[in-house]
Amino acid sequence: MKKVINDPNKVVQEMLEGFLYAHGNVYKKTPNENGIYIENEKKQVAVITGGGSGHEPLFFGFVGEGLATGAAVGNVFAAPTPNTIMEVTKAVDAGKGVLYVYGNYSGDTLNFDMASELAEFEDIHTATVLVNDDIASASKEEAHNRRGIAGDVFVIKVAGAAAAEGLPLEKVTEITQKAANSTRSIGVALSPGSIPSTGRYTFEIAEDEIEFGLGIHGEAGIRTEKIMEADKLTQIMMEYIFDDIEITEGDEVCILVNGLGSTTLMELFIVNRKVTEILLEKGVKIHHTDVNNYCTTQEMAGFSITLMKVDEELKTYYDKPAYSPYYFKRG
Amino acid sequence: MKKVINDPNKVVQEMLEGFLYAHGNVYKKTPNENGIYIENEKKQVAVITGGGSGHEPLFFGFVGEGLATGAAVGNVFAAPTPNTIMEVTKAVDAGKGVLYVYGNYSGDTLNFDMASELAEFEDIHTATVLVNDDIASASKEEAHNRRGIAGDVFVIKVAGAAAAEGLPLEKVTEITQKAANSTRSIGVALSPGSIPSTGRYTFEIAEDEIEFGLGIHGEAGIRTEKIMEADKLTQIMMEYIFDDIEITEGDEVCILVNGLGSTTLMELFIVNRKVTEILLEKGVKIHHTDVNNYCTTQEMAGFSITLMKVDEELKTYYDKPAYSPYYFKRG
Amino acid sequence: MTNKTNSTSNILTVEQVNNMFIYVGEKVIESKPLLTDIDCAIGDGDHGIGMEVGFKNALEKLEANNYDKINDIFAEIGKAMIGNMGGASGVLFGTLFLSGVKGQEKIEQLDVATLSAIFQNSLLGVQARGKAEVGDKTMIDALSPAVNALREANENKLGLVASLRNASEAAKRGVEDTKVLVAKFGRAKSLGERVIGHQDAGATTISIIFESMQNYVEELEKKGELLNV
Amino acid sequence: MTNKTNSTSNILTVEQVNNMFIYVGEKVIESKPLLTDIDCAIGDGDHGIGMEVGFKNALEKLEANNYDKINDIFAEIGKAMIGNMGGASGVLFGTLFLSGVKGQEKIEQLDVATLSAIFQNSLLGVQARGKAEVGDKTMIDALSPAVNALREANENKLGLVASLRNASEAAKRGVEDTKVLVAKFGRAKSLGERVIGHQDAGATTISIIFESMQNYVEELEKKGELLNV
Ligand SMILES: Nc1ncnc2c1ncn2[C@@H]1O[C@H](COP(=O)(O)OP(=O)(O)O)[C@@H](O)[C@H]1O
Ligand SMILES: Nc1ncnc2c1ncn2[C@@H]1O[C@H](COP(=O)(O)OP(=O)(O)O)[C@@H](O)[C@H]1O
Ligand SMILES: [Mg+2]
Ligand SMILES: [Mg+2]
Ligand SMILES: [Mg+2]
Ligand SMILES: [Mg+2]
């Protein structure tokens, strides 16, 4: 695997240096750990996201106005340490409390929970919303065990908007939890991504096969199939979502077609074409559509489809302005 | 090559359908041809860009407020037809004339020139600025023969801003030409991209080699080397640029580190780290930095470094607000 | 009309010209993988796709087979190419067909003199657009010798089959010549010396076009369908 | 002090414990490729990297070798892991070392009883954090039997070498057991039946830790450096 890197063990540090050279006028790094944040100037509830690196622009690319206030950045595919989370927490707390919003992975919950305990010692009140949008990662009955994938984007967006409105922690948490509860994703992988420090691909897949539900760290999926036409693939994926959450005539949704790394925007648009047609045929109203590479897995090929079912309240927060170098909304 | 597509011969059409489902509230398609445009509501000079598909989000992703007014979309790696360019031209002309801004390729100049002849028949005045930023594609003496690569982004940005200021065609052309004259890029490729309708990679490269100056359609480059550390690679690329354009202490530049497809943002940030250090060491002032995947070649791995040397005038236009789903600036 | 071959008085009817270009189009479309290979080596790999798009669109029209003059057949092919192909070759191959008959009076049968005149105009038209000369490693390197061969054939009063055989062979030699040339136009131009050893894609298509015309007319002759005036 | 082996009164000095964990750290670091393989099969491939980061940071501290109590050695390793590794195993392996000595009085020598008590606390600590039970296909599947083996060894008054050999073997069997289990925690949990046949990464590391401790103490014994009280 060819990579444009220096020391494979320094990729995260050097990545953040490169990011800060580009955007250091707005973004800060915590002194000792890999935490990225913006000043909480309006003294709002702070929203902190985070997770392993390797998914760029997530997570630190979703720190910004109307988005997360800070991000705890772990090593590649490894949850950030409690110290990192704690440093960001201290940097952004304005006495209004901190909401942790991140994908539901064992490593992340362990580290964020530990940070949250440390925060309470310092009288910083924290709350947590776990993103568990990946319907392929556990059955409906076990939905609380599901992983978080591209749905992070919608949930962080809503959390950041609610916080920017100046709402109290309980209310921000409640709205964010509603966004999480309303979000479903399913992904498909075509080819693997690699970890820089081992130079190895995280899984194997036959030259003519694709895998449904494969995780954004290469966790194996639920079903392997021969490569098929985009429309058929999209149809199958949408059916998984419809089996999981009722989306019927008159309902409204936001769509995110998210590329995993090396799948082109061209392909993502072709997928979005079918996603939209399926929804319109059902009489579902599309509130907003985003087609981009937000939650990647290094150079993995594949994509995910995310739907967030929205009501008036979620739409209000979804539509608020947001601004980071990798995500923006004019409101 | 696995691709998420349907009929390989319909990728462009279906891509545009998918794009319009997402952004059809703002973007329009010309009725008969693959032209994408926004209404020229303020009756300004219109800026039209275009070229082959396969480089998304370029070119139609750079249609927007303060950017291009329209884009003529060709088949994958093939210049758009004169008819397509002509249809977009008619759709966006508000009687103030049209500036064509596109990369300098034989196919594109032939088609745009032919369109321009057709436009004159309909009393639409056109002007052209060719982007030829790729210093690896011809010697300094033959600079007018150079290809256009990621530098398109800077030149379109400036053109769109000048047009949005309500300047006349001659002035918009002059400023845009200045941006083109001030922009230099050099790219490096690690692995090839493929053409959907043949399913084939456009070039071959050894498992441990990289190629300097390889074109965004897979045109062979100027020098093949063993894969090396990001810092060394960046150093060599920056020296190519410094050999071509004088950039010394006190000068100001805009930076674009552009990924070609499957190279990760992580890697691009690591490159930007070194680009910035080299410039700062020289005493060069960095006006703005952008790190993104704007000018891609399907799933090709590699990246380019673009510098635009800016004076007060170029900075003024560069800093103006711009908005498309794939490029934005708050101004 | 008698049915004598190798005669200077060979002609093709409108319908035969129409069918000849259907045959030519099919042959070019069949060559897509070859053209892709060649354009991949030193270009961007899309020349085969482009020619396929162009001829497919042209064939849709030609298949109706209801033209009353040969001018319209050339013009239809040219417009199909300019209108649908894109790329360098969309304009250039389109121009080749269009400028071949541009401003010409109604042509109802094609003899060697007319054929030669048409392709003479084609060459001028393509060069006016593309600015390439022989030796620049473009389609001109095949087209120009083929046009010369047609002119000489006409001067020497050769029949259609012999004329097209000479043109086809000249084009083929032109393609061979491109292997030793450095490109000055098109996507291969930036490669400098590295393109040496590779033939030009557009020149290859020119050669396939002439070879298919030759084969089609030879077939007519064999079947005794080649007419004379 | 005498120098009798296989005695219930075997002890390790502070320095020996320090060196033992340097040895353990080196062995775990050496196993990085194996741990990567295992985590790639059913996880995300970073477990080997994580353990390397954790132990490298710990070894930097341990190499100074200037502790006056064993508590500090465990605490130092635990903090290095929690502070630098990240991931599930950063917290869990960190907790293993930290909770082993949390609230304990100053430990100046390590006998089987103390070792057993420490790891008993480790197990409780890790389970309190991670909520995993035996059978959930996690490190607990190796740690729990190893802890049981140590407790029984202590009850049966076995020496250090025999105790660690039993613990190490129990851990190894625990790893084998994980092969037939479906995961309930960690990144493998979503795979359901598909993880069957693959051993758990964290459990493997536990087994390497116990095996290295065993080997280190056996070495001491061979060299006649294993002390008794
Ligand atoms: N200026 C020119 N004059 C004549 N022929 C040209 C010129 N530029 C390109 N060509 C021909 O076009 C061919 C390439 O066509 P094609 O691959 O369809 O276009 P593109 O270069 O836009 O991908 C070349 O092989 C060459 O023969
Ligand atoms: N809740 C848990 N309780 C105990 N051990 C766990 C738990 N979750 C994960 N593990 C252990 O952690 C190991 C994975 O560690 P590692 O790869 O470093 O973390 P991650 O899963 O975050 O990538 C698993 O093999 C398993 O033994
Ligand atoms: Mg991990
Ligand atoms: Mg092309
Ligand atoms: Mg080509
Ligand atoms: Mg792991």
Side-chain angles (χ1 to χ4, degrees), chain B residues 8-9 12 32-34 50-54 72-85 105-115 134 136-139 142 145-147 192-204 213-222 224 297, chain C residues 32-37 39-54 56-57 78-95 98 125-126 128-132 136-139 183-196 198 202:
Chain B
N9 296 313
V12 174
N32 306 309
E33 308 285 342
N34 290 328
S53 291
V73 181
N75 289 325
V76 176
F77 298 169
T81 62
N83 308 18
T84 308
I85 301 165
Y105 293 88
S106 202
D108 293 288
T109 51
L110 284 164
N111 285 281
F112 271 97
D113 285 354
M114 198 154 187
D134 182 4
S137 58
S139 68
E142 294 265 303
N145 274 331
R146 287 175 175 171
R147 302 182 293 236
S194 68
I195 304 190
S197 51
T198 61
R200 290 186 32 180
Y201 289 114
T202 56
F203 66 96
E204 278 165 23
L214 193 132
I216 56 166
H217 311 89
E219 303 97 330
I222 46 173
T224 302
T297 302
Chain C
K32 178 181 169 184
L34 171 74
L35 296 174
T36 301
D37 279 350
D39 198 30
C40 274
I42 53 173
D44 56 357
D46 64 351
H47 183 66
I49 304 166
M51 292 311 307
E52 180 187 49
V53 169
K56 268 201 179 151
N57 275 282
K79 279 189 283 178
M81 287 179 167
I82 292 188
N84 297 289
M85 280 173 65
S89 44
V91 172
L92 294 173
F93 280 85
T95 299
L98 272 183
V126 174
R129 281 247 155 253
K131 311 276 181 298
D136 289 341
K137 199 175 179 110
T138 70
M139 59 191 278
K184 269 177 88 177
F185 293 89
R187 298 200 194 272
K189 73 179 175 212
S190 56
L191 309 188
E193 313 252 307
R194 299 184 53 170
V195 301
I196 289 177
H198 294 284

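Note that the coordinates shown come from a computational prediction; the quantities given were computed from them, not determined experimentally.
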Original post:
To the nearest 0.5 Å, what is the distance between CZ (Arg129(C)) and OG1 (Thr109(B))?
Top reply: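 These two atoms lie 10.5 Å from each other.
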Subject >> Asp44(C) CG to Thr297(B) OG1 distance, which is reported to the nearest 0.5 Å >> reply: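 Taking CG in Asp44(C) and OG1 in Thr297(B), the distance rounds to 10.5 Å.
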If you look at every heavy atom in [X] and [Y], which pair is closest and at what distance?
{"X": "Thr36(C)", "Y": "Thr198(B)", "value": "CG2-CG2, 3.8 Å"}
{"X": "Gly83(C)", "Y": "Asn83(B)", "value": "CA-ND2, 3.7 Å"}
{"X": "Ala78(B)", "Y": "Gly86(C)", "value": "CB-C, 4.5 Å"}

Please look at [X] and chain C and tell me whether the side chain, the backbone, both or neither of the residue comes under 4.5 angstrom of a heavy atom of that chain.
{"X": "Arg200(B)", "answer": "side chain"}
{"X": "Asp134(B)", "answer": "neither"}
{"X": "Glu33(B)", "answer": "side chain"}
{"X": "Leu110(B)", "answer": "both"}
{"X": "Phe77(B)", "answer": "both"}

Subject >> More than 12 heavy atoms of other groups within 6.0 Å of Lys32(C) NZ >> reply: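 Yes.
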**OP:** Go through the steps for Asp46(C) and His217(B) under the test side chain to side chain contact (heavy atoms under 4.5 Å, CB included), then give the verdict.
**Re:** CA-CA 9 Å; Asp46(C) 64 351; His217(B) 311 89; over 6 Å; no
**OP:** With a 4.5 angstrom heavy-atom cut-off, could you sort out which part of Ile49(C) is near chain B: side chain, backbone, both or neither?
**Re:**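 Just the side chain, heavy atoms under 4.5 Å.
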**OP:** Go through the atoms of Asp39(C) and report whether side chain, backbone, both or neither lie under 4.5 Å from a heavy atom of chain B.
**Re:**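 Asp39(C) has no heavy atom closer than 4.5 Å to chain B.
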Original post:
Are the side chain of Asn111(B) and the backbone N or O of Gly87(C) linked by a donor-acceptor pair below 3.5 Å?
Top reply: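 Flag set: sc Asn111(B) to bb Gly87(C) pair under 3.5 Å.
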Original post:
Based on non-hydrogen pairs under 4.5 Å, which of Gly213(B), Ser139(B), Pro82(B) is most in contact with chain C?
Top reply: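 Max contact count across the listed options: Pro82(B).
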